[in-house]
Amino acid sequence: MNAAPEPAAPRASGTKAELRRRLLAAREETTEAERDRAGSAIRDAVAVLPQLSMGGTVAAYYSVGTEPDTRKLVATLWKQGVYVLLPVFLPGGALDWAAYEGPDSLAPARFGLLEPTGPRYGTEAVARAAAVVCPALAVDRAGRRLGKGAGCYDRALSLVGPNTLTLGVIYDTEFLDEVPAEPHDRAVQGVVTPGGGVRML
Ligand SMILES: Nc1nc2c(c(=O)[nH]1)N(C=O)[C@@H](CNc1ccc(C(=O)N[C@@H](CCC(=O)O)C(=O)O)cc1)CN2
Ligand SMILES: Nc1ncnc2c1ncn2[C@@H]1O[C@H](COP(=O)(O)OP(=O)(O)OP(=O)(O)O)[C@@H](O)[C@H]1O
C-alpha cells in the first residue's frame, strides 16, 4: 500500500504528561485558605457516606502540598473509629499500607510525602477496605483518573473487588469531560470535589 500514513495520534502517555503539567501548575495557584476550605468540604461530603462511617476499614491518602486536603477527613474518620489505612510508596511504584493512628503516627518520606510509620500490612491490604479514597489530578465523566504517573493507584485499584467504593478526590476544575486513558487505567466509581460533593459516575 502506498497511501500516506495517518499522522500519528499523540501517545496517550505524552498527552497525559502534558495534562499533568498543566493541572499541577494550576494547583500552584491555590491559596492555603482555599485549600483549607476545600479540606473541610471534602471531609463533610465524604465522612458521612455509609461505607466510610460504619467503623470498617477505609484506604485513604494523607494530602501534602497543593493536593486537595484529606487530612481533615482522615482525622475525622479516625476519631469516628474507622480503621484508616494510608499508603506507603514502595520503590517500583507498588503501595504498601499501614494504619493512621493519629498525627504522631506519620513521618516525612520521599517526595515530600507524610507516611504512616506503623506495621505494614502488605500491598493486598487495600482489598479489605470498604472504600478507597484516591488522589488524582483529574477525573472524567466515566471515572477515568489521571494520577501522578507512577501507576500506584492503577495497581491498587486492580486489587479491590466491585463492592469497594472507589472515589477520586479532585478540585472542581479538575473534573473533565475526558481524560486520556490507557488499557491499564482503573476507573473510580465516584468523584469528590469541594464544590460538588460526592458524585457517582
Ligand atoms: N498524599 C499522597 N500520597 C500518596 C500519593 C499521592 O498522590 N498523594 N501517591 C499516589 O500515587 C503515592 C505516591 N506516589 C508518587 C508518585 C510519583 C511521585 C513522583 O514522581 N514524585 C516526584 C517526581 C519524581 C522525582 O522527583 O524523581 C515529584 O514530587 O515531583 C511521588 C509520589 C502514595 N502516596
Ligand atoms: N496493574 C499494573 N501493574 C503493573 N504496572 C502498572 C499497572 N498499572 C499501571 N502500571 C504502570 O504504571 C505506569 C504509569 O501509569 P499511569 O500513567 O496511568 O499512572 P497514573 O494513573 O497517572 O498514576 P497513579 O495510578 O499512580 O495515580 C504505566 O506505564 C504502567 O507501566
Got a second to check how far [X]'s [atom1] is from [Y]'s [atom2], nearest 0.5 Å?
| X | Y | atom1 | atom2 | answer |
| --- | --- | --- | --- | --- |
| Leu165 | Gln51 | CG | CD | 4.5 Å |
| Arg110 | Leu90 | CZ | CG | 8.0 Å |
| Lys148 | Arg20 | NZ | CZ | 10.5 Å |
| Glu67 | Leu113 | CD | CG | 7.5 Å |

Given side chains that start at C-beta, do those of [X] and [Y] come closer than 4.5 Å, heavy atoms only?
| X | Y | result |
| --- | --- | --- |
| Leu146 | Glu174 | no |
| Arg199 | Thr193 | yes |
| Arg141 | Asp177 | yes |
| Val88 | Pro116 | yes |
| Arg71 | Tyr61 | no |
| Val169 | Cys134 | no |
| Pro194 | Arg37 | no |

For [X] and [Y], which heavy atoms make the closest approach, and how far apart are they?
| X | Y | answer |
| --- | --- | --- |
| Leu167 | Val188 | C-CG1, 4.1 Å |
| Thr70 | Ser63 | N-OG, 3.0 Å |
| Thr117 | Ala107 | CG2-CB, 3.4 Å |
| Asp172 | Gly195 | OD2-N, 2.9 Å |
| Val84 | Ala60 | CG1-CB, 4.2 Å |
| Tyr62 | Leu86 | N-CD2, 3.9 Å |

Output, in order, the C-alpha distance, side-chain angles, deciding distance and verdict of side-chain contact (heavy atoms from CB on, under 4.5 Å) for Glu29 and Glu34.
-> CA-CA 10 Å; Glu29 304 299 315; Glu34 282 164 2; over 6 Å; no
Taking [X] for its side chain and [Y] for its backbone only, find out whether a donor-acceptor pair lies under 3.5 Å.
| X | Y | value |
| --- | --- | --- |
| Asp154 | Arg186 | yes |
| Lys72 | Asp36 | yes |
| Arg144 | Pro180 | no |
| Asp185 | Glu182 | yes |
| Gln189 | Thr164 | yes |
| Glu18 | Thr15 | no |
| Arg155 | Ala150 | yes |

Treating Ile, Leu, Val, Met, Phe, Trp and Tyr as nodes and any side-chain heavy-atom pair under 4.5 angstrom as an edge, say whether [X] and [Y] lie in one connected cluster.
| X | Y | answer |
| --- | --- | --- |
| Trp78 | Val126 | yes |
| Leu106 | Leu95 | yes |
| Val139 | Leu19 | no |
| Val179 | Met200 | no |
| Trp97 | Val64 | yes |

Using side-chain contact (heavy atoms from CB on, under 4.5 Å) as the criterion, point out the one residue from Val192, Val191, Leu176 that pairs with Ile170.
->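 By the side-chain contact (heavy atoms from CB on, under 4.5 Å) criterion, Ile170 pairs with just one of Val192, Val191, Leu176: Val191.
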Worked verdict on Thr166 versus Arg145 for side-chain contact (heavy atoms from CB on, under 4.5 Å) | CA-CA 11 Å; Thr166 58; Arg145 59 174 280 291; over 6 Å; no
Can you check side-chain contact (heavy atoms from CB on, under 4.5 Å) on Val46 and Thr76, steps first, answer last?
-> CA-CA 10 Å; Val46 175; Thr76 296; over 6 Å; no
CA sep, side-chain torsions, deciding dist, call: Leu77, Tyr100, side-chain contact (heavy atoms from CB on, under 4.5 Å) = CA-CA 10 Å; Leu77 292 174; Tyr100 177 80; over 6 Å; no
Salt-bridge criterion met for Arg43 and Asp69 (N-O under 4.0 Å) |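 The answer is no: the pair does not qualify as a salt bridge.
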Arg120/Glu115 salt bridge by N-O under 4.0 Å criterion |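 Looking at Arg120 together with Glu115, the answer is no, because their closest N to O distance does not fall below 4.0 Å.
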Return each pair, listed once, that meets ring pair (Phe, Tyr, Trp, His ring centres under 6.0 Å) where at least one residue sits in [range]; pairs must be two or more places apart or across chains.
| range | result |
| --- | --- |
| residues 26-46 | none |
| residues 157-201 | none |
| residues 108-137 | Phe89-Phe111 |

Donor-acceptor side-chain pairing of Thr30 and Arg35 below 3.5 angstrom =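 The answer is yes; a qualifying pair exists.
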